[in-house]
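Data block below; observations after.
The shown structure was predicted, so the numbers you read here are calculated from the model rather than taken from an experiment.
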Amino acid sequence: MENKVVAMILAGGKGTRLQNLTKKNAKPAVSFAAKYRIIDFPISNCANSGINTIGILTQYESTFLDSYIGNGEKWGLNGVRCLMSSLAPRQTEEGASWYSGTADAIAQNIYWLDQQKPDYVVILSGDHIYRTTYNEMISLHINNKADCTISVINVDKKEASRFGIMTTDAKGNIVKFEEKPKEPTSTLASMGVYCFTWSTLRDYLVKDMKNPNSSHDFGNDIIPTMLKNKKKLIAYQFQGYWRDVGTLASLHAANMDVALNRENINLFENNLKTRIYTEDTYSMPQYVGSSALITNSVVNQGAIVLGDCDACVISNEVMIEKGAKVDHAVVMAGAVIKKGAVVHNAIIGPGAVVEEKAKVNTDSNAIVLVS
């Protein structure tokens with residue numbers, strides 16, 4: 001890129017709505033689509049965009065996530081012109097504190113960002129599933145001399161209260177922004193993907209840090225203040241698949257989108273421009289026995305499948321024994337489903353065991369977790 005762009009990925013969320021999947025693991029490190037971790041998606045998007053300086057802001061249960069991120073080699077970001085850094089809260093001369101909001105997480109790393117000398121900073125969430133490059137959004141930001149550009153999607157009005165909702169004029173300028181409004185007046189939702197001109201953002205972060213009444217959040221504080229001050233905020237209309245996988249139901253649904261190859265997610269498309277990169281588990285080849293019937297399913301290496309599976313996402317080192325019947329299930333690494341068991345609409349957590357002839361969620365369409 002002609003201009004220096006740095007990406008900051010917010011990856012410190014606790015993810016309590018994912019229950020035991022995040023009891024000892026950060027949400028961005030949760031397994032997805034049999035082969036990936038959720039964090040693979042924003043990092044791969046950055047790599048495919050030519051953004052080679054990335055800060056990963058970690059906090060809750062970050063040990064595995066830090067190890068997984070490493071030096072960025074999985075995404076081709078370990079070269080001499082690349083930098084991948086895990087940025088956890090740390091003790092400084094001013095003291096020590098957890099990140100208290102999304103803006104605070106960036107503000108606590110102003111010194112690190114200053115060292116990178118960016119022209120623009122792209123701020124991303126570490127727990128969303130989507131494939132893209134950010135180049136078009138960044139170009140729109142630069143060409144419009146914007147202070148902030150927000151990537152947006154149209155959502156169902158019933159879901160709009162879960163998001164930051166904005167109203168734009170005919171030129172795409174943001175004229176109104178509401179964070180999770182009870183009665184939304186628009187369906188244009190923020191994806192939590194921002195491009196800021198660094199010099200402008202830096203000034204707002206410094207002022208926000210000094211404000212005792214601020215929650216130090218982009219949606220609640222920084223963006224409304226910039227809008228109030230007549231800064232130029234524009235919307236970038238995202239086209240494509242995007243999912244927030246913060247609940248068991250949404251995580252399950254996104255996995256089913258992969259298994260059933262629906263909603264335009266298509267992880268099987270051999271497109272180097274938007275390929276998602278991940279860790280190789282160095283497992284043995286998967287084995288499908290003669291007694292197995294597998295339809296509409298994703299099966300990763302190292303899995304042994306002897307039972308019947310329909311619309312399943314099966315991770316590495318999984319064992320599904322003969323006579324088991326599993327449908328619309330996400331089966332994570334190392335899990336075992338024993339013979340005669342029946343599983344429906346479930347997430348089977350890493351290393352979990354479904355006992356012989358057990359019946360899991362056979363009379364419900366709600367999503368359950370076995371861990």
Side-chain angles (χ1 to χ4, degrees), residues 3 5-10 13 42 57 99-110 113 118-125 128 130 132 134 136-157 159-239 242 244:
N3 299 282
V5 179
V6 173
M8 301 290 274
I9 301 179
L10 300 166
L57 288 84
Y99 295 145
S100 60
T102 54
D104 180 64
I106 304 299
Q108 287 198 40
N109 290 286
I110 282 179
L113 276 162
D119 298 301
Y120 304 99
V121 174
V122 174
I123 297 174
L124 310 168
S125 172
H128 295 160
Y130 63 115
T132 192
Y134 302 114
E136 191 174 279
M137 180 184 72
I138 295 167
S139 294
L140 181 72
H141 179 89
I142 294 171
N143 293 339
N144 282 273
K145 296 182 171 59
D147 296 296
C148 172
T149 299
I150 303 175
S151 189
V152 300
I153 56 169
N154 271 305
V155 296
D156 190 288
K157 195 162 187 178
E159 299 291 318
S161 60
R162 295 176 47 226
F163 300 93
I165 297 296
M166 64 207 76
T167 304
T168 60
D169 63 19
K171 294 183 179 179
N173 296 301
I174 299 169
V175 296
K176 183 180 180 182
F177 184 93
E178 300 174 282
E179 181 68 3
K180 299 180 180 178
K182 291 182 179 179
E183 297 183 4
T185 56
S186 165
T187 58
L188 206 58
S190 168
M191 295 168 57
V193 174
Y194 311 115
C195 180
F196 286 96
T197 299
W198 171 236
S199 57
T200 302
L201 176 61
R202 192 187 193 285
D203 289 344
Y204 274 82
L205 289 173
V206 171
K207 292 173 184 175
D208 184 73
M209 289 171 72
K210 298 175 181 177
N211 181 0
N213 298 316
S214 174
S215 61
H216 310 300
D217 182 80
F218 282 106
N220 285 320
D221 306 289
I222 300 295
I223 292 171
T225 303
M226 292 180 75
L227 201 58
K228 182 181 178 181
N229 293 344
K230 306 297 182 184
K231 290 296 181 181
K232 189 173 181 61
L233 280 70
I234 63 174
Y236 169 74
Q237 185 73 53
F238 178 76
Q239 302 292 333
W242 178 87
D244 180 340

ask   = If you measure from CZ on Phe177 to CG on Leu227, what distance do you get to the nearest 0.5 Å?
value = 9.0 Å
ask   = Is there side-chain contact between Leu201 and Ile222, with at least one heavy-atom pair below 4.5 Å?
value = yes
ask   = Shortest non-hydrogen contact from Ala103 to Asp208?
value = CB-OD2, 4.4 Å
query = Looking at side-chain heavy atoms only, is the closest gap between Val5 and Tyr134 below 4.5 Å?
reply = no
query = How about Leu10 and Ile106: do any of their side-chain heavy atoms sit closer than 4.5 Å?
reply = yes
inquiry  = Working to the nearest 0.5 angstrom, can you tell me the gap between Lys232 NZ and Lys230 NZ?
reply    = 13.0 Å
ask   = Is the side chain of Ser186 donor-acceptor paired with the backbone N or O of Met166 at a distance under 3.5 Å, no angle test?
value = yes
inquiry  = Would you call the rings of His128 and Trp242 parallel, tilted or perpendicular, taking 30° and 60° as the class edges?
reply    = perpendicular
query = OG1 of Thr197 to NE2 of His141: how many Å apart, nearest 0.5 Å?
reply = 3.0 Å
task = Could you tell me the separation between the CG atom of Leu188 and the CG atom of Asn154, rounded to the nearest 0.5 Å?
result = 5.5 Å
task = Output the distance between atom CZ (Phe218) and atom CD1 (Ile150), rounded to the nearest 0.5 Å.
result = 10.5 Å
inquiry  = Looking at every non-hydrogen atom in both residues, tell me the closest pair between Pro184 and Ser161 and how far apart they are.
reply    = CG-N, 4.1 Å
request  = Could you tell me whether a side-chain N or O of Asn229 sits under 3.5 Å from a main-chain N or O of Lys231, the two making a donor and an acceptor?
outcome  = no
task = Mark yes or no for whether Ser190, through its side chain, and Gly192, through its backbone, hold a donor-acceptor pair below 3.5 Å.
result = yes
Student check: side-chain heavy atoms of Lys207 and Thr225 closer than 4.5 Å = no
ask   = Ignoring hydrogens and geometry, is there a side-chain-to-backbone donor-acceptor pair from Asp147 to Leu233 under 3.5 Å?
value = no
ask   = Do Thr167 and Glu178 come close enough that some side-chain heavy atom pair is under 4.5 Å?
value = no
query = Would you say the side-chain atoms of Tyr236 and Glu136 include a donor-acceptor pair closer than 3.5 Å?
reply = yes
query = Are Met226 and Phe196 close enough that some pair of their side-chain heavy atoms sits under 4.5 Å apart?
reply = yes
ask   = Shortest non-hydrogen contact from Asn213 to Asn211?
value = N-OD1, 2.9 Å
ask   = Are any non-hydrogen side-chain atoms of Ile110 and Trp198 less than 4.5 angstrom apart?
value = yes
query = Do side-chain atoms of Asn143 reach the backbone of Ser139 as a donor and acceptor pair under 3.5 angstrom?
reply = yes
note = Smallest heavy-atom separation, Val152 atom then Ala235 atom, equals CG2-CB, 4.0 Å
task = Would you check if Thr185 and Ile165 make a side-chain contact, meaning some heavy-atom pair closer than 4.5 Å?
result = no
inquiry  = Does Gln237, at its CD atom, have more than 12 non-hydrogen atoms belonging to other residues, nucleotides or ligands within less than 6.0 Å?
reply    = yes
query = Ignoring hydrogens and geometry, is there a side-chain-to-backbone donor-acceptor pair from Ser151 to Phe238 under 3.5 Å?
reply = no
query = Distance-only, no hydrogens or angles: does the Ser100 side chain make a donor-acceptor pair with backbone N or O of Ser215 under 3.5 Å?
reply = no
query = Roughly how far apart are Leu205 CG and Asp104 CG, rounded to 0.5 Å?
reply = 9.5 Å
query = If you look at every heavy atom in Glu179 and Asn220, which pair is closest and at what distance?
reply = CG-OD1, 3.3 Å
query = Under 3.5 Å, side chain of Asn144 to main-chain N/O of Leu140, donor-acceptor pair present?
reply = yes
Polar side-chain atom of Asn109 near backbone of Ala105 as donor-acceptor pair, under 3.5 Å = yes
